[in-house]
Number of protein chains: 2
Amino acid sequence: MATIDDVARTAGVSTSTVSYVLSGKRPISAPTRLRVEKAIRELGYRPHAGARALASSRTQVIALMAPLRVDVDVSVIMQFVTGVVTAARTYEHDVLLLTQDDAAGLDRVASGSMVDALVVMDIEDDDPRVPLLATLRQPTVLIGLPHEAAGLSCVDLDFEGAGRLAVRHLSARGHRAVGLVGSPPAVLERHTSYAERILRGFRSEAQALDVQAGHVACESSPSGARAAVDSLLAAVPDVTAVVVHNEVALPFVVSALHDRGLRTPEDVSVLAVCPPEVAESQPVPLSSIDLPAHTIGAVAVEMVMARLDQDHPAETRLLTPRVVDRGSVHDRSAVPEPGVSP
Amino acid sequence: MATIDDVARTAGVSTSTVSYVLSGKRPISAPTRLRVEKAIRELGYRPHAGARALASSRTQVIALMAPLRVDVDVSVIMQFVTGVVTAARTYEHDVLLLTQDDAAGLDRVASGSMVDALVVMDIEDDDPRVPLLATLRQPTVLIGLPHEAAGLSCVDLDFEGAGRLAVRHLSARGHRAVGLVGSPPAVLERHTSYAERILRGFRSEAQALDVQAGHVACESSPSGARAAVDSLLAAVPDVTAVVVHNEVALPFVVSALHDRGLRTPEDVSVLAVCPPEVAESQPVPLSSIDLPAHTIGAVAVEMVMARLDQDHPAETRLLTPRVVDRGSVHDRSAVPEPGVSP
DNA sequence: CTGAAAGCGCTAACAC
DNA sequence: GTGTTAGCGCTTTCAG
């Protein structure tokens with residue numbers, strides 16, 4: 001492998017000159033720049049990442065911890081991941097992927113100076129990784145919202161707002177009894193923040209608008225979906241709309257409703273909370289509150305880069321939810337009294 | 001951050017001694033080892049990855065290129081990815097994730113000495129990345145089977161064997177007319193090797209066993225699945241079993257069959273080719289030829305590490321396919337003549 | 001069993 | 001606008 005000295009020699013300049021044409025950190029005359037670039041091309045020169053990291057304290061790598069928990073839809077995780085990777089490349093960074101959910105991995109890559117910054121997914125309300133992250137010298141952004149962010153940046157969809165928006169959207173279309181089919185019990189038990197936040201928003205807005213609201217957890221499986229539907233129908237017999245925040249169970253919830261003789265959207269409306277791709281690719285496309293996973297990943301990178309390059313202060317960014325109509329929410333407001341469907 | 005010299009100083013030894021207790025590359029007396037370890041603990045010392053890479057030419061990182069192509073089921077990709085990441089940790093390595101499918105990314109991380117080795121997924125028959133990879137000084141293993149491996153290691157499920165096994169399995173159970181619902185046209189068009197290999201095995205075994213065989217490509221969508229089922233039924237009206245090698249379309253193929261009045265498995269048997277998790281989590285579990293994606297990822301890492309540590313020669317490993325019965329293949333061999341179902 | 005010291009390849013003062 | 005050079009923090013001969 002050619003080194004920077006080889007390049008300098010064949011270009012007839014000093015090593016620093018080569019370094020500076022590479023970094024652009026000082027002006028170089030056109031002729032020398034050209035000679036250097038030619039030498040680089042001829043020798044197929046690539047700076048040695050380790051040497052560069054050692055000298056500059058910059059690795060051009062960020063860590064991404066993407067725990068592949070059961071019950072969390074992998075396609076959603078993948079969206080976050082690609083969002084992060086794509087955005088990172090934009091900032092000349094690569095991504096080191098950690099899939100095991102432990103503080104040790106974060107500590108290893110950060111303390112060992114393998115990365116310039118960290119992005120951590122699937123944050124729980126009281127997440128054991130947060131205190132560690134707060135001690136690192138590299139900036140971190142959390143995807144999710146812990147109870148105590150300890151000075152770290154956070155980014156996520158505003159799930160509480162999404163819960164409210166869902167109820168408001170349905171209420172405005174004449175629905176007076178709505179259900180939320182949510183995350184699996186395991187997700188709730190570990191107090192993953194989004195599950196609790198959407199529920200809070202859902203309930204508070206239902207109360208405010210005097211809408212009857214039921215919530216059921218839902219295992220991410222066909223049988224789990226059937227059970228959830230049954231228990232929701234038992235709890236809220238008059239339910240006319242159901243919000244589903246569970247990508248894996250989503251298709252099964254819809255088919256479970258059908259199996260019980262409830263058509264979508266004539267008998268019961270369905271509003272999903274999921275990435276647009278998921279809502280579109282259902283057997284019948286579903287209206288949804290989009291979870292812009294790819295975007296969130298990209299924003300996480302932007303935030304972390306802003307902290308690195310301009311030591312921008314920490315902040316929390318909650319993306320505003322919006323409803324995308326794909327026809328699975330029925331407008332009942334034309335029907336004055338809940339009556340017999342045609 | 002504490003450096004190795006800090007550790008040496010507080011332990012009262014030389015830097016090389018610290019280095020050697022860390023690497024274990026030469027014997028250290030118990031007392032000094034203990035003193036050094038204590039110092040390391042007290043200072044919270046972590047070797048600087050860049051410095052180590054510079055001095056040792058080892059980064060303890062491997063690159064994984066996992067192109068997230070449309071039409072390829074993300075959950076399967078994720079299985080490969082976690083297989084690779086988990087196995088890599090076993091060898092004290094981390095994983096740098098590349099998601100964009102280009103030779104440039106591979107060249108960047110390899111020529112820049114960011115990684116010790118590379119694992120490349122989703123190899124096409126005539127893959128443009130292969131010639132580049134062959135020139136790198138880092139060992140590479142391909143997940144998939146290109147036409148010309150150029151001296152690189154390869155690992156994959158034996159898809160040709162899987163195609164044969166599928167036909168043999170169905171034939172042994174009395175099926176004389178079988179279909180293969182395969183990858184999307186786009187996958188076939190880019191000559192992704194597994195799609196062609198399974199088809200070759202499927203056809204050759206059908207011919208050998210005198211079984212009528214039809215093949216249709218299948219877009220990864222509900223409508224694509226319906227279209228594929230229709231065209232298969234048109235081509236092979238008497239079909240009694242269908243092999244599905246398309247994780248995304250799988251549930252829709254099954255429901256399309258049902259919509260056409262064909263029950264599983266009484267009227268038409270279904271044999272999937274997919275990871276066990278996918279086959280199990282269908283609305284009704286499906287018998288399958290397991291695609292051990294996690295294992296393949298892990299084997300890829302083992303192979304690449306063997307080349308690194310023991311410069312083991314390149315080789316190609318094809319994992320033997322096997323059928324896992326989950327009840328979706330009907331045994332017709334008891335029925336002497338194809339007759340009316342009860 | 002342990003130490004001294006020469007790099008590894010690059011960046012960034014500091015000179016001119 | 002360009003060159004010289006002192007590190008960055010580690011590994012690994014070479015000595016003892």
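Just so it is clear, the model here is predicted, and its values are computed rather than measured. Below, chain A is the first sequence line, B the second, and so on; all start at residue 1.
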For this session: Could you check A:Ile28 against A:Val36 for side-chain contact (heavy atoms from CB on, under 4.5 Å), going step by step and ending with a plain yes or no?
Result: CA-CA 10 Å; A:Ile28 303 283; A:Val36 169; over 6 Å; no
Exercise. Can you check whether B:Ser19 has a side-chain N or O nearer than 4.0 Å to OP1 or OP2 of D:dT11?
Worked result: yes
For this session: Heavy atoms only: give me the nearest B:Ala110-B:Val115 pair and the separation to one decimal.
Result: CA-CG2, 4.2 Å
For this session: Report yes if a side-chain nitrogen or oxygen of B:Thr32 is closer than 4.0 Å to either non-bridging phosphate oxygen (OP1 or OP2) of C:dT2; otherwise report no.
Result: yes
Problem set entry | Interatomic distance where CG belongs to A:Asp5 and P belongs to D:dT4 [whole Å] | 12 Å
Exercise. Less than 4.5 Å apart, any side-chain heavy atom of A:His294 and any of A:Thr86?
Worked result: yes
For this session: Among C:dT11, D:dG1, C:dC1, find the nucleotide with the atom closest to the side chain of B:Pro27.
Result: C:dC1
Seminar exercise, completed: When rounded to whole Å, the CE to C1' distance for the pair A:Met1 and C:dC8 reads 15 Å
Problem set entry | Short side-chain N/O contact to C:dC10 OP1/OP2 from A:Tyr45, under 4.0 Å | yes
For this session: Specify the separation, in whole Å, of atom NE2 of B:His48 and atom P of D:dG7.
Result: 17 Å
Exercise. Rounded to whole angstrom units, what separation is found between the CE atom of B:Met114 and the P atom of C:dG9?
Worked result: 17 Å
Problem set entry | Touch class at under 4.0 angstrom, heavy-atom based, for B:Val13 against every strand present | sugar-phosphate
Exercise. Could you give the CG-to-C1' distance, from A:Leu54 to D:dT11, as a whole number of Å?
Worked result: 12 Å
Seminar exercise, completed: Considering only heavy side-chain atoms of B:Ala55, the closest of D:dG9, D:dT2, C:dC1 is D:dG9
Exercise. Are the charged groups of B:Asp102 and B:Arg108 less than 4.0 angstrom apart, N to O?
Worked result: no
Exercise. So, is B:Lys25 near the phosphate of D:dT12, with a side-chain N or O under 4.0 Å from OP1 or OP2?
Worked result: yes
Exercise. How long is the line joining CD1 of B:Ile4 and C1' of C:dA4, in whole Å?
Worked result: 14 Å
For this session: Identify the residue among A:Ser111, A:Ser113, A:Ser57 that makes a side-chain contact (heavy atoms from CB on, under 4.5 Å) with B:His48.
Result: A:Ser113
For this session: Can you tell me the distance, in whole Å, between the CZ atom of A:Arg58 and the C1' atom of C:dA12?
Result: 15 Å
Seminar exercise, completed: Per atom distances to the B:Arg26 side chain, the nearest of C:dC10, C:dG3, D:dC10 is C:dG3
Exercise. Is the shortest heavy-atom distance from the side chain of A:Arg58 to the side chain of A:Leu308 under 4.5 Å?
Worked result: yes
Problem set entry | D:dT2 phosphate, OP1 or OP2, under 4.0 Å from A:Ser29 side-chain N/O | yes
For this session: Tell me what B:Ser23 touches on the nucleic acid: a base, only sugar-phosphate, or nothing, going by heavy atoms under 4.0 Å.
Result: nothing
Exercise. Looking at the side chain of A:Tyr20, which of D:dC10, C:dA13, C:dC10 is the nearest nucleotide?
Worked result: C:dA13
For this session: Output yes when at least one side-chain N/O atom of A:Ser14 is less than 4.0 Å from OP1 or OP2 of D:dG3, else no.
Result: yes
For this session: Examine the base of D:dT4 for any acceptor or donor lying under 3.5 Å from a partner atom in the side chain of A:Ser16, and report the outcome as yes or no.
Result: yes
For this session: Would you mind classifying the nucleic acid contact of B:Thr17 as base, sugar-phosphate or nothing, using non-hydrogen atoms under 4.0 angstrom?
Result: sugar-phosphate
For this session: Using a 4.0 Å heavy-atom cut-off across all strands, classify A:Ser56 as base, sugar-phosphate, or nothing.
Result: sugar-phosphate
Exercise. CZ of A:Arg52 versus C1' of C:dC10: gap in Å, rounded?
Worked result: 8 Å
For this session: With heavy atoms under 4.0 Å as the rule, sort B:Arg46 into base, sugar-phosphate or nothing.
Result: sugar-phosphate
Problem set entry | Closest to side chain of A:Thr15, choosing from C:dA12, C:dC10, D:dT11 | C:dA12
